[in-house]
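We use all heavy atoms of the structure for the numbers below, so side chains are in, but hydrogens, waters and symmetry mates are not.
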Amino acid sequence: MKTIYKLVALLLFTVAAAAHAQVAPAATMGPAGLRYTFRYSETAEFYDVTGNRQTISPSASVEYVNNAERRPFSMKYSGGYTWNVVGPSYATGLFQRLALSQSLLWRKWDVNFSDNVGYLPESPITGFSGIAGTGEPIGEPNPIPSGQSILEENTHVVNNLANGTLTHQFNRATSFSAGGSSDLLRFPEGIGLDTDTVMANGELAWQFNARNRISGNYRFSQFTYPGYDVTFSTNATTFGYFRQWNRRINTNVEAGPEFIGSADTAAVPNSTRLSANAAVTYRYQFGETGLNYTHGTNGGAGYLLGAEFDTARAYYSRDFERNLTVGFDAAYTRTSGLINNGITDARFAGVQVTRRVGQYLTVFGNYTAIDQTTSSVLYSSALTGLEQVVSFGIGYSPRGTRIIRH
């Protein structure tokens, strides 16, 4: 419990500090912007395993960008609390997510540092916070940076991804980038497999005309498990192709071999597999839709000592007449252990309609369906069966505040 309180205090302190920070840019592109929203939702959940329940969830979100030309900084936070009203109490409690990004831009060099930390009573599903039915926007191009390809509930999870990237533009056509990151997955209540991931990558890209770019990529990942004497690593070499078809449509595909090496082949066997991802994006005047697919190796999603996964995600978000927003988000993930210890299929789909009814007020309705089946012997917190979430609520959301620097 003390760990939970410390994490909450750290997140709130960081939010407060970031919201008041004044990053002194070498040049600016206009006033900084601050946007905040308060929401209240009432939810009915229908679950064929543990039964039906009703919950309430007050929440808030804050987003700040400094609009600096050479030192852009952004901060986004979303958090709240889910209380159980009727029925069994599972997947309730505090939820928070904080994302920070700082870039330093020169004529030929770019540096970026980012950190993304979340604390949830379940695996992330839709929206920035990952909690279905809170009323925050869904269907935006915001893939949740988490290795939790197996969905779970009724256990709190901490996930922190820190990343750094350096990019050098040799000329108008050729660029090189290198970076490293650290991904920590923790289960404060002990229901799950703590996992540490360290990653490094490099990319050489060539833009041979205005619409086409090719790239060669190398990625290294190492997975360790506190409390277990098991470590394995992956080395992937891929080649990518990006195409800008017109002002609205672009596609990207990348694929290549991935080599898995382990000192303990009984726990994680050596093997050669495939690393691949592909995406297509279509942008509207007031929205975006897209489809992406990823295949690779992760740390086992908190249940396995390494796993191979496939994830396909579709999203859609569009504003109509500036007062009505429709969002859709759906995903399918297949996770299988590296030593053939079962397969888990997870699916979810959600749709949300948000209507502005005044200068500051919005109302919303949301429906989300979540389903997971498995042949693995997993921890008791893994979601099994079909769960449906129906929610309605209200939000207070000014259109944004401009901050003038002096």
Subject >> Step-by-step side chain to side chain donor-acceptor pair (under 3.5 Å) determination, Q54 to T43 >> reply: CA-CA 6 Å; Q54 296 179 18; T43 300; over 6 Å; no

**OP:** I would like to know whether E258 and R273 meet salt bridge (charged side-chain N to carboxylate O under 4.0 Å, His left out); could you show each step before the answer?
**Re:** CA-CA 5 Å; E258 181 178 64; R273 299 173 184 265; over 6 Å; no

**OP:** Take N159 and D183 through the side chain to side chain contact (heavy atoms under 4.5 Å, CB included) test and state the conclusion after the steps.
**Re:** CA-CA 7 Å; N159 189 210; D183 191 3; 2.9 Å; yes

Supply the atom-to-atom distance [X] [atom1] to [Y] [atom2], rounded to the nearest 0.5 angstrom.
X    : Y    : atom1 : atom2 : answer
L338 : L305 : CG    : CG    : 9.0 Å
I339 : L304 : CD1   : CG    : 8.0 Å
F95  : L120 : CZ    : CG    : 8.5 Å
Q207 : S175 : CD    : OG    : 8.5 Å
I56  : T92  : CD1   : OG1   : 11.5 Å

Should the pair [X] and [Y] be assigned to parallel (<30°), tilted (30 to 60°) or perpendicular (>60°) ring geometry?
X    : Y    : value
F232 : F223 : parallel
Y241 : F208 : parallel
Y396 : Y360 : tilted

Original post:
Going through the distances and angles, do R334 and D345 end up as a salt bridge (charged side-chain N to carboxylate O under 4.0 Å, His left out)?
Top reply: CA-CA 5 Å; R334 183 179 180 87; D345 293 318; 3.1 Å; yes

Main-chain N/O of [Y] paired to [X] side chain as donor or acceptor, under 3.5 Å:
X    : Y    : value
N270 : A263 : no
S336 : I343 : no
H168 : K108 : yes
N252 : R243 : no
T195 : L193 : yes
S41  : G133 : yes
Q352 : Y367 : no
D48  : G385 : no
D329 : I138 : no

Subject >> Qualifying residues under side chain to side chain donor-acceptor pair (under 3.5 Å), relative to R318, sequence neighbours excluded >> reply: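 Once residues adjacent in sequence are excluded, R318 has no partner under the side chain to side chain donor-acceptor pair (under 3.5 Å) criterion.
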
Minimum heavy-atom separation for [X] to [Y], with atom names?
X    : Y    : result
P226 : D196 : CG-OD2, 3.7 Å
F128 : A99  : CZ-CB, 3.9 Å
S129 : R97  : CA-CB, 4.4 Å
T265 : S262 : CG2-O, 3.8 Å
Y225 : V230 : CD1-O, 3.6 Å
Q102 : R71  : NE2-O, 3.4 Å

Within a strict 4.5 Å, meaning less than it, do heavy atoms of the [X] and [Y] side chains meet?
X    : Y    : result
E308 : L274 : no
P121 : I131 : yes
N277 : Y293 : no
F320 : V326 : yes
E288 : E140 : no
R283 : N250 : yes
L94  : Q96  : yes
S317 : T289 : no

Using a distance-only test with no angle check, is there a side-chain donor-acceptor pair under 3.5 angstrom linking [X] and [Y]?
X    : Y    : value
S101 : S114 : no
N235 : T237 : no
D319 : T325 : yes
S103 : D110 : no
W83  : S57  : no
E254 : S215 : no
T37  : S397 : yes
T373 : D371 : no
S123 : Q148 : yes
N160 : N116 : no
E152 : Y303 : yes
Y77  : E63  : no

**OP:** Please indicate whether R347 has more than 12 foreign heavy atoms, meaning atoms of other residues, nucleotides or ligands, lying under 6.0 Å from its CZ.
**Re:**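 Check passes, neighbour count above 12.
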
Original post:
Is the number of heavy atoms from other residues, nucleotides or ligands within 6.0 Å of CG (N246) greater than 12?
Top reply: yes

**OP:** Measure from the ring center of H295 to the ring center of F309 and say whether it is less than 6.0 Å.
**Re:**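 Here the rings of F309 and H295 have centres that are no less than 6.0 Å from each other.
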
Original post:
Are Y284 and Y282 close enough that their ring centres sit under 6.0 Å apart?
Top reply: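 Yes, the ring centres sit under 6.0 Å apart.
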
Subject >> Positive for side chain to side chain contact (heavy atoms under 4.5 Å, CB included) with Y47, one of Q388, E153, R53 >> reply: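 The single option meeting the side chain to side chain contact (heavy atoms under 4.5 Å, CB included) with Y47 is E153.
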
**OP:** Test F113 against V111 for side chain to side chain contact (heavy atoms under 4.5 Å, CB included), laying out the working first.
**Re:** CA-CA 7 Å; F113 302 98; V111 180; 3.4 Å; yes

Original post:
How far apart are the C-alpha atoms of N201 and N217, what are their side-chain angles, what is the distance that settles it, and do they pass the side chain to side chain contact (heavy atoms under 4.5 Å, CB included) test?
Top reply: CA-CA 7 Å; N201 66 279; N217 311 273; over 6 Å; no

**OP:** Give me the one residue out of N298, T294, T333 that meets side chain to side chain donor-acceptor pair (under 3.5 Å) with S149.
**Re:** N298

**OP:** Check step by step if side chain to side chain contact (heavy atoms under 4.5 Å, CB included) holds for Q372 and T344.
**Re:** CA-CA 7 Å; Q372 183 166 265; T344 301; 3.7 Å; yes

